[in-house]
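Working notes, beginning with the structure itself.
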Amino acid sequence: MMVKRKIIKERIPTPERPVEERLKGFMEVNLGYTFELAVQEAQRCLQCPYEYAPCIKGCPVHIDIPGFIAKLVEYKDEPDRAVKEALRVIWACNTLPATTGRVCPQEDQCEMNCVMGKVGDKVNIGKLERFVADYAREKGIDDELLGEMLPEIEKKEQRVAVIGAGPAGLTCAAELAKDGYHVTVFEALHKPGGVLVYGIPEFRLPNEVVEKELEKLKRLGVEIKVDHIVGKTVTIEELLNRYDAVFIGSGAGTPRLINAPGVNLNGIYTANEFLTRINLMNAYRFPEYDTPIKVGEKVIVIGAGNTAMDAARTARRLGAEVTIAYRRGEEDVTAREEEVEHAKEEGVKFEFFLNPIEFIGDESGRVKAVKFMKMRALEEKDAKGKRKIEPTGETVILEADTVVIAIGKTANRLIVNTPGLEVEGGVIKVDENLMTSIPGVFAGGDAIRGEATVILAMGDGRKAAKAIHEYLQKKAKESA
Ligand SMILES: Cc1cc2nc3c(=O)[nH]c(=O)nc-3n(C[C@H](O)[C@H](O)[C@H](O)COP(=O)(O)OP(=O)(O)OC[C@H]3O[C@@H](n4cnc5c(N)ncnc54)[C@H](O)[C@@H]3O)c2cc1C
Ligand code: SF4
């Protein structure tokens, strides 16, 4: 018999830190649900059947979303049990839910086709996922669940090397460790996490949350060797001699530059350098930390993706007046909706249809202004479905003592230049099993896609782990 349920149209809001408080530091902006609020939001889910639920189809790793939400409602009188059961469902597909719940562009993924959207607000899936992970971490429920899983792992002899400790590499490593393989991750930087720790700022994703989530992976038996640059400290060829398979998850960390006069003036940063200094090296707490950062009073950020939004909001927190200049229109902004809203609330200004053509310096060699060509949109669309743009011939000069360039990134050159590794359009070429042109070497994440999303990188990590498992089983049979 169909149970008649009350439809709750409006989303239960998550508390947020007020703007004045946010601008004083790097504390997390969104404060997340309490158990009571999470249950209220969970009760809005219509519980579409598993085979049909559009949210599951929209999530790149197909988490059983109605399934985990149902546990919060079913055990609403036993919060710890509700969270443990919900986490069990999430972990079946996603090992970093505190991270994805915070940074996934849910509006384009799981929440995109949520049926509730037809009668009211879509269910707040990301914040519910984050709640489950945060509550479990705070109460040690995640450790308890992990403790139950560990004895079930049957150890295998074969060894796998993973290059890069970002979401792709770490997910691949975790899945292989769950299958019993010896996994060693080689990371170039002194901390694991990839963009999660050096790119995405604390006010969106606290490093502590990532660190705690990564501890779980270490408990699974994954060994992480930091300060190891593959291509320099060790080559892929050497890894292939010592390991039975290799996974490349080295991301797309090489910034794209603007080929315009004056681009080397002082005060011009790539977003990568700017955000690394702040997030990884804690330069905003200089001189308590050694790395300095110099930000003036007027900052221009060029670009309108997540990276640009993060750089702009970071500069606001360092006290600057900030303008985002984008060569296309507002409808083409690629950053997450929530981040654009937060940036606007925090006083970041937006200028559209401006393309930089010259950086103008003062007598000491520091940038003082940027000259832009005004652009206009055409009706015709490009391959990515965006309206094409063309110069109008009219220019405009905006003053700035600091410029941050955030126009995208390409794959790491050291890896891409590996002999025998086929590359297409700046990214590593793989087959349908994510195997590269070198047998036994697999790849995923931004290294094969260019800059994409955390959950797509994690999805690749999972898929590659499965393919590596099959490859190694076949290899073991052949040598038996
Ligand atoms: C500022 C910023 C904000 C973003 N915001 C979002 C967001 O809100 N939501 C979202 O879904 N996505 C976001 N993204 C994109 C997302 O972070 C990436 O798609 C994701 O991190 C890709 O994961 P990955 O594991 O492929 O690579 P990465 O996270 O880049 O990790 C690669 C790792 O490999 C290491 N490495 C590189 N070369 C070598 C080498 N030769 N030897 C050893 N190690 C090496 C790197 O140091 C790094 O740790 C953002 C990206 C940036 C830059
Ligand atoms: S992993 Fe991302 S896309 Fe999938 S359910 Fe969670 S928030 Fe949504």
Side-chain angles (χ1 to χ4, degrees), residues 55-56 58-65 68-69 90 93-94 96-97 99-112 114 124-130 132-133 162-172 185-201 204-205 225-236 248-255 271-272 274-276 279-280 305-311 314 334-336 338-339 406 408-409 411-416 418 443-461:
C55 53
I56 304 181
C59 167
V61 296
H62 309 307
I63 296 178
D64 177 2
I65 295 163
F68 96 76
I69 291 180
I90 295 173
C93 304
N94 175 359
L96 305 174
T99 301
T100 49
R102 283 174 166 83
V103 304
C104 272
Q106 285 97 9
E107 64 270 23
D108 301 325
Q109 297 181 346
C110 53
E111 292 173 16
M112 186 159 77
C114 171
N124 202 343
I125 300 167
K127 295 291 188 300
L128 286 174
E129 182 174 287
R130 163 188 165 164
V132 170
V162 169
I163 304 169
L170 291 171
T171 304
C172 182
V185 181
F186 294 85
E187 167 56 47
L189 297 174
H190 65 279
K191 261 194 195 175
V195 172
L196 306 182
V197 297
Y198 79 74
I200 305 180
R204 285 214 285 138
L205 176 64
K225 284 184 189 281
V226 291
D227 295 323
H228 275 69
I229 307 179
V230 176
K232 273 204 174 138
T233 325
V234 58
T235 64
I236 293 187
I248 306 175
S250 52
T254 310
N272 231 37
F274 186 73
L275 290 170
T276 302
N279 297 326
L280 189 70
N306 284 318
T307 312
M309 234 43 72
D310 284 344
T314 296
T334 52
R336 298 183 53 206
E338 189 181 355
E339 308 316 326
K409 298 182 296 147
N412 183 293
R413 298 278 149 74
L414 262 180
I415 301 286
V416 159
T418 301
D446 284 6
I448 64 164
R449 299 172 179 276
E451 195 175 320
T453 65
V454 171
I455 195 67
L456 281 173
M458 291 174 60
D460 287 348

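Computed from a predicted model, the values in this text were never measured in an experiment. Just so you know, ligand 1 is whichever comes first in the structure, and atom 1 is the first atom listed for that ligand. Below, all heavy atoms of this structure are taken into account, side chains as well, without hydrogens, waters or symmetry copies.
Residue Ile200 approaches ligand 1 through these ligand atoms, each under 4.0 Å from one of its heavy atoms: 3 (C), 4 (C), 5 (N), 6 (C). With ligand atoms numbered from 1 in the order given, ligand 2 contributes 7 (S) to contacts under 4.0 Å with heavy atoms of Gln106. Proximity to Phe186 (heavy-atom distance under 4.0 Å) selects the following atoms of ligand 1: 43 (C), 44 (N). If you number the atoms of ligand 2 from 1 as listed, the ones under 4.0 Å from a heavy atom of Ile455 come out as 1 (S). Residue His228 approaches ligand 1 through these ligand atoms, each under 4.0 Å from one of its heavy atoms: 42 (N), 43 (C). Listed by number with element, the atoms of ligand 1 under 4.0 Å from a non-hydrogen atom of Thr307 are 1 (C), 2 (C), 52 (C), 53 (C). For ligand 2, the atoms sitting less than 4.0 Å from at least one non-hydrogen atom of Gln109 are 2 (Fe), 3 (S), numbered in the order shown with element in parentheses. Residue-ligand proximity, Ala457 to ligand 1, at heavy-atom distances under 4.0 Å covers atoms 22 (C), 23 (O), 26 (O). Atoms of ligand 1 found under 4.0 Å from any heavy atom of Leu189 (numbered from 1 in listed order, with element): 47 (O). Close contacts of ligand 1 with Leu275, meaning ligand atoms under 4.0 Å from a residue heavy atom, involve 1 (C). Close approach of ligand 2 to Asn94 (heavy-atom distance below 4.0 Å) involves ligand atoms 1 (S). Atoms of ligand 1 found under 4.0 Å from any heavy atom of Gly194, numbered from 1 in the order shown, are 29 (O), 31 (O), 48 (C), 49 (O).
Residue contacts with ligand 1 for Asn272 are absent, since no atom lies close enough (heavy atoms, distance under 4.0 Å). The part of Arg204 lying near ligand 1 is the side chain, judged by heavy-atom distances below 4.0 Å. At a 4.0 Å heavy-atom cut-off, ligand 2 touches Ile65 through the side chain alone. Looking at Ile455 against ligand 1, nothing comes within 4.0 Å, counting heavy atoms.
Closest to atom 18 (C) of ligand 1, if we only count protein heavy atoms, is Asp446 OD2, 3.2 Å. At the top of the distance list for atom 8 (Fe) of ligand 2, counting protein heavy atoms only, stands Cys110 SG, 2.3 Å. Val454 N, 2.9 Å is the protein heavy atom nearest to atom 11 (O) of ligand 1. At the shortest separation from atom 37 (C) of ligand 1 among protein heavy atoms lies Ser250 O, 3.2 Å. Annotation: atom 27 (O) of ligand 1 to nearest protein heavy atom, Gly251 CA, 3.3 Å. Looking from atom 35 (C) of ligand 1 to the surrounding protein, the closest heavy atom is Glu187 OE1, 3.3 Å. The single protein non-hydrogen atom nearest to atom 42 (N) of ligand 1 is Val230 N, 2.9 Å, given as residue, atom name and distance. For atom 3 (C) of ligand 1, the closest heavy atom belonging to the protein is Asp310 OD2, 3.2 Å. Nearest protein neighbour of atom 4 (Fe) of ligand 2, counting heavy atoms only, is Cys59 SG, 2.4 Å. Summary of contacts: the protein heavy atom closest to atom 6 (Fe) of ligand 2 is Glu129 OE1, 2.3 Å. Taking atom 45 (C) of ligand 1 as the reference point, the nearest protein heavy-atom neighbour is Ala188 CB, 3.8 Å.
Distances shorter than 4.0 angstrom do not occur between any heavy atom of Gly231 and any atom of ligand 1. Within the structure, ligand 1 has Gly249 among the residues with a heavy atom less than 4.0 angstrom away. The shortest heavy-atom distance from Glu339 to ligand 1 is not under 4.0 Å.
Thr276 contributes atom OG1, which lies 7.5 Å from atom CG of Leu189 (distance to the nearest 0.5 angstrom). Put simply, CG on Asn94 and OG1 on Thr100 are 4.0 Å apart, with the number rounded to the nearest 0.5 Å. Here the straight-line distance linking atom CG of Leu196 with atom CZ of Arg204 works out to 10.0 Å at 0.5 Å rounding.
Counting all heavy atoms, side chain and backbone alike, Asp446 lies closest to Ala252 at CB-N, 3.5 Å. Closest approach of Ile455 to Pro60, counting heavy atoms only: CG2-CG, 3.5 Å. Counting all heavy atoms, side chain and backbone alike, Ile229 lies closest to Ala188 at CG1-CB, 3.8 Å. Pairing each heavy atom of Ala271 with each of Ala406, the nearest pair is CB-CB, 3.7 Å. Among all heavy-atom pairs drawn from Leu275 and Thr307, the shortest one is CD1-CG2, 3.9 Å. For His62 against Ile56, the heavy-atom pair with the smallest separation is ND1-O, 3.0 Å.
Side-chain contact check for Cys110 versus Ile65: some heavy-atom pair is nearer than 4.5 Å. Within the 4.5 Å cutoff, no side-chain heavy atoms of Thr453 are placed close to those of Cys104.
Remark: side-chain polar atoms of Glu111 are paired, donor with acceptor, to backbone N or O of Ile125 under 3.5 angstrom. At least one donor-acceptor pair closer than 3.5 Å links the side chain of Glu187 to the backbone N or O of Ala165. Side-chain N or O atoms of Asn306 include one that pairs as donor or acceptor with a backbone N or O of Arg336 at under 3.5 Å. Of the possible donor and acceptor atoms, none in the side chain of Asn279 sits under 3.5 Å from a partner among the backbone N and O of Val197. The closest donor-acceptor contact from the side chain of Asn272 to the backbone of Gly253 lies under 3.5 Å.
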Step-by-step side chain to side chain contact (heavy atoms under 4.5 Å, CB included) determination, Ile63 to Glu129: CA-CA 10 Å; Ile63 296 178; Glu129 182 174 287; 3.4 Å; yes
Show your reasoning for whether side chain to side chain contact (heavy atoms under 4.5 Å, CB included) applies to Ile236 and Ile248. CA-CA 9 Å; Ile236 293 187; Ile248 306 175; 3.9 Å; yes
Begin with the C-alpha distance, continue with both residues' side-chain angles, and end with the deciding distance and a verdict on side chain to side chain contact (heavy atoms under 4.5 Å, CB included) for Thr418 and Thr235. CA-CA 8 Å; Thr418 301; Thr235 64; over 6 Å; no
Checking Val195 against Val454 for the side chain to side chain contact (heavy atoms under 4.5 Å, CB included) test, could you report, in this order, the C-alpha distance in whole Å, the side-chain angles of both residues, the deciding distance, and whether it holds? CA-CA 9 Å; Val195 172; Val454 171; over 6 Å; no
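Looking at Ala252 next to ligand 1, no N or O pair under 3.5 Å apart turns up. Geometrically, ligand 1 and Gly445 share no nitrogen or oxygen pair separated by less than 3.5 Å. Taking distance alone, with nitrogen or oxygen atoms compared against 3.5 Å, Glu451 stays at or beyond that limit from ligand 1. Ligand 1 has an N or O atom lying under 3.5 Å from an N or O atom of Val195, backbone or side chain. Of the N or O atoms in Pro167, one or more lie within a sub-3.5 Å distance of an N or O in ligand 1. Here's the thing with Ala447: none of its N/O atoms is less than 3.5 angstrom from an N/O atom of ligand 1. For ligand 1, one of its N or O atoms has an N or O atom of Val103 under 3.5 Å away.
One of the N, O or S atoms belonging to Cys104 lies under 2.8 Å away from atom 2 (Fe) of ligand 2.
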